[in-house]
Amino acid sequence: MPALDVDITGIAAVHDVSSLFDELLDNAASVKRLPTIEPPLNKSDFDSLSQRLSTALSKLGAEDGDAAKVRRFAVIETAARDLFARLIATTPIESPDFVKMWNFLDIISILSDDGECDPALLFWLMEELLDSQTIAGCRKIFDFLESRRDRITSKHFKQKHLAILRGCNELLRRLSRAEDTAFCGRVFIFLFQSFPLGDRSSVNLRGEYHVENVTAYEEPQPEGTSQMEVDQATPKEPEARSGSKGVSFDAKSKEEQLSSSDLYPQFWSLQETFSQPLKLFDQAHFSKFKQNLDITMKAFQAIHNDEKPRSKSVEDSKRNLKRKRDGEDAHALSESFNPKYLTSKDLFDLEISDLSFRRHVLVQALIIMDFLLFLSPQSKERLATFNSSNKSVTYNEQLSPEDTKWATDMKKSISDYLKQGFEGPYFYRMVETVLARDKNWVFWKMAQCPPIERPAVSPARFVEAQTAAQRLATNKRLRPMPMGAVSLDFLRSEDEGAAMEKLQDVERYQIPELDSFKRKIADDDFEIEMPTNDQTKAAAIAGKSSKSWRALRIASRYKMAAFDKIDDPKKVDIVFEDLAEVDDDEEADEPTASEESMPSNRDALIISGPPSVGKSALIDGLMQLHKGVFALAVRHTTRDTKEGEVNGKSYHFVKKQEFNQLRDGDRLIEYGTRDEVDYGTSSKVIDAITEAGKIPILELDLEAAQFAKDMDFTARYILVKPASDESLQERLEQSGKASEAIDAILKKLPEDLEDGKVSDLFDTSIVNGELAEAVKMLDGYVYEEAAKAEEGAAAAGDAEGQNGDAEMADVANVETELVDESTAGEAEATTG
Ligand SMILES: Nc1ncnc2c1ncn2[C@@H]1O[C@H](COP(=O)(O)OP(=O)(O)OP(=O)(O)O)[C@@H](O)[C@H]1O
């Protein structure tokens with residue numbers, strides 16, 4: 001602490017600075033009205049702070065230089081300590097007025113950051129503040145320190161770090177590890193977060209163990225003594241005792257198990273080794289340890305470990321912490337955070353029946369196994385090349401091959417055990433991660449904690465590295481087989497003709513089809529999921545990456561849109577999918593009709609019938625009548641586009657492979673081949689229409705309709721029949737079909753329209769005689785006019801049945817065509 005240069009000007013300046021501090025505290029009170037630690041005050045909360053401070057210090061003169069700076073710092077420190085002492089003396093920490101202290105500390109922190117006072121002043125005051133308070137008060141001070149940690153440690157850390165370390169260590173000395181475990185943790189965390197990662201001040205460089213932490217337990221009675229003490233008539237405690245207290249052993253291994261009272265001393269004796277691993281260098285101790293750990297492990301394995309851990313949950317602990325911090329129930333906390341083991345014999349059964357407890361002990365054992373394996377011959381060999389200059393943590397002892405095997409096997413058993421039970425895999429992963437990180441710290445310590453920060457590379461070294469990299473990258477020397485190229489070795493080995501033929505192999509010059517990777521990637525996926533062995537799995541993983549990359553490169557030529565849809569880089573399947581969507585623009589052109597305009601039955605409509613019977617004409621008619629209600633499900637086809645056809649409107653024109661993919665991926669609700677051309681309707685197209693709120697209409701030939709039915713596609717199946725063979729023939733001729741084809745169609749007609757077949761497949765049939773009338777019939781069926789009319793007729797009585805108007809006649813017409821011919825017959829008879 002700088003000595004105060006007491007002189008007249010100094011005393012006057014201290015007075016002025018004290019007045020300034022009072023003013024600043026008044027300013028702070030008007031800026032921050034809450035009596036809380038938060039929010040911190042900032043320099044901007046005080047008007048022209050630097051200037052006001054210069055004025056307050058003006059009596060010291062305007063000299064510069066180190067001596068003047070020391071005088072200024074001393075004056076500010078004296079004024080600060082005066083005010084600080086006044087605040088401590090007059091304001092209890094619980095009082096809302098204590099906010100003045102927090103504000104004052106903020107002011108000091110601002111001055112310190114600006115280099116106006118000694119950087120460590122804040123922490124000197126903090127040390128005194130901690131000294132002046134009870135542990136409950138220290139918690140509040142720590143709340144302040146934690147909330148300002150970044151700010152108060154970011155600048156001039158070198159000048160502050162000793163004061164921080166001293167203050168925290170002093171506090172730790174006051175805290176009980178058993179009662180204030182959580183607070184100790186906060187102090188440690190504060191230290192770790194304040195000090196740079198590579199700071200050596202807290203490293204146990206000498207590798208000392210905390211040997212005072214002795215776990216005391218009830219030593220077993222020497223043989224014979226118990227007989228003297230125990231009443232002969234009292235039966236020896238049965239093994240079943242353990243079961244009655246909650247420990248369940250496997251029936252099979254019960255006989256091999258020690259009773260819990262026998263296990264008790266063996267189990268607790270492990271703690272001695274856990275706290276002093278160096279004892280393992282004594283062979284006798286090591287043998288005993290191995291034996292005890294083996295027995296413990298066996299006992300643990302026999303305990304069913306499928307129960308949930310019984311220890312207080314994290315939430316409970318958090319609640320307790322909160323309570324403690326609120327000062328409401330300090331006692332409860334001291335019970336839940338006891339770092340010492342309770343080793344009473346009476347508790348033993350309960351303790352080892354708790355999965356958390358067993359895990360806790362096994363993690364200790366795992367740490368010891370790592371310690372032992374560090375001494376294995378293999379590890380020693382590896383470490384021989386390592387700079388292990390810190391002899392305090394490198395040991396000359398070497399583990400024998402048998403002991404190495406024991407430690408390795410034990411480590412595996414423990415690891416397997418930890419993975420079992422409630423959230424076992426998660427718990428084990430956490431332990432594994434912590435231990436793996438810890439190993440790195442061990443190496444660092446062995447190498448005498450070399451600086452973690454790397455010095456900047458010199459410009460000369462950078463230029464040298466850059467030139468070398470450029471040289472490597474621009475080396476034009478040809479490799480025997482450039483990356484990705486197909487081997488040309490066969491040119492040497494085979495005769496000229498065969499070699500030339502091979503050279504012309506399509507695979508050599510043609511980019512493979514995108515789809516060719518789909519099956520291969522699926523095969524790799526299968527192998528990864530159900531590997532034959534580790535090698536095949538590794539090969540499949542590597543193969544999948546390479547194939548996915550190649551597939552992406554090919555897809556990038558014409559399927560860039562699909563790339564947006566790749567969420568997981570390991571799943572590129574989307575690039576194989578058909579991206580043909582229903583034409584969005586078209587959908588947008590025709591807005592979806594209102595609810596009232598929709599029929600009550602919203603199943604898709606399948607309009608089917610012989611060629612040229614008028615399916616399209618009927619669909620057009622229906623769609624004209626009800627705009628925005630229906631949308632045509634455009635089929636996919638493998639044929640080329642004809643003149644006037646628009647992709648996505650007439651058909652979705654796709655390649656054979658793409659069509660096959662849709663078909664094999666169960667994405668077609670019907671498909672078939674006509675004249676060597678594939679046609680099919682994608683379920684995606686239908687879903688898109690439904691999602692747009694419309695009803696899909698599928699125009700299908702008879703075979704396709706049958707296919708959809710066989711595929712259980714839900715729809716209303718409507719057959720369009722010609723009024724007569726002649727009228728159909730006429731339309732077929734008009735369509736320009738060859739006469740042979742027309743003959744074939746007409747010849748097949750009776751078979752196609754055979755009653756039984758029709759009634760199985762279709763829900764209704766409509767005779768397309770006069771177009772307008774047929775459309776009306778279709779409309780009536782779709783909007784269930786017939787059903788409505790039936791209801792109406794029932795309500796209106798007979799009269800209407802006798803004087804049916806034209807519309808009713810139409811309805812009757814539909815009914816006559818209903819596939820149940822007997823009913824139709826009756827209807828016909830009625831209307832006739
Ligand atoms: N009721 C009708 N009266 C007169 N002409 C009609 C009638 N229905 C359809 N047509 C005409 O018959 C021709 C074939 O009709 P449409 O294309 O609708 O039949 P389709 O069943 O859809 O044929 P394809 O099976 O070949 O697709 C068209 O020129 C159409 O205008």
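One-based numbering, in listed order, for ligands and for the atoms of each. Residue numbers start at 1 and run along the sequence shown.
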Give a yes/no on ligand 1: does [X] have at least one heavy atom closer than 4.0 angstrom to it?
X	answer
S612	yes
A774	no
Q734	no
S727	no

Can you tell me which residue and heavy atom of the protein come closest to [atom], and the distance to 0.1 Å?
atom	value
atom 1 (N) of ligand 1	N768 OD1, 2.6 Å
atom 18 (O) of ligand 1	A617 N, 2.8 Å
atom 22 (O) of ligand 1	S616 OG, 2.7 Å
atom 15 (O) of ligand 1	G614 CA, 3.6 Å

- Under 4.0 Å from a heavy atom of L771: give me the atoms of ligand 1 that qualify, with their elements.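 Those of ligand 1 that fall under 4.0 Å from L771 are 1 (N), 2 (C), 8 (N).
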Lys/Arg cation over aromatic [Y]: [X], 6.0 Å, 45° cone:
X	Y	answer
K709	Y717	yes
K656	F659	no
R639	F653	no
K547	F517	no

- Just let me know how K615 lines up against ligand 1, side chain, backbone, both or neither, with a heavy-atom cut-off below 4.0 Å.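 Looking at K615 and ligand 1, atoms from backbone and side chain both fall under 4.0 Å.
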- Query: Should R602 and E595 count as an ion pair when the cut-off is N to O under 4.0 Å?
  - Reply: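 Yes, this pair counts.
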- Query: Is the shortest distance from a Lys or Arg side-chain nitrogen in E527 or K544 to a carboxylate oxygen in the other one below 4.0 Å?
  - Reply: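 K544 and E527: not salt-bridged.
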Would you say [atom] touches the protein, meaning some protein heavy atom is under 4.0 Å from it?
atom	value
atom 28 (C) of ligand 1	no
atom 7 (C) of ligand 1	yes
atom 31 (O) of ligand 1	no

- Taking atom CG of D710 as the centre, report whether more than 12 heavy atoms of other residues, nucleotides or ligands fall under 6.0 Å from it.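 Enclosed: over 12 neighbouring heavy atoms sit under 6.0 Å from CG of D710.
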- Query: Can you list the steps and then say if R550 with S546 is a side chain to side chain donor-acceptor pair (under 3.5 Å)?
  - Reply: CA-CA 6 Å; R550 281 183 283 161; S546 145; 3.2 Å; yes
- Would you please say whether a donor-acceptor pair under 3.5 Å links the side chains of Y671 and H636?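 Y671 vs H636: no donor-acceptor pair found between side chains.
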- Tell me yes or no: between the side chains of Q624 and D620, is some donor less than 3.5 Å from an acceptor?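 Distance-only check fails for Q624 and D620.
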- Heavy-atom nearest option to atom 10 (N) of ligand 1, drawn from E699, K737, R731: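 Ranked by closest heavy atom to atom 10 (N) of ligand 1, first place is R731.
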- Item | ligand 1 to P611 polar contact by distance, N or O atoms, under 3.5 Å |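 N/O-N/O distance below 3.5 Å does not exist for this pair.
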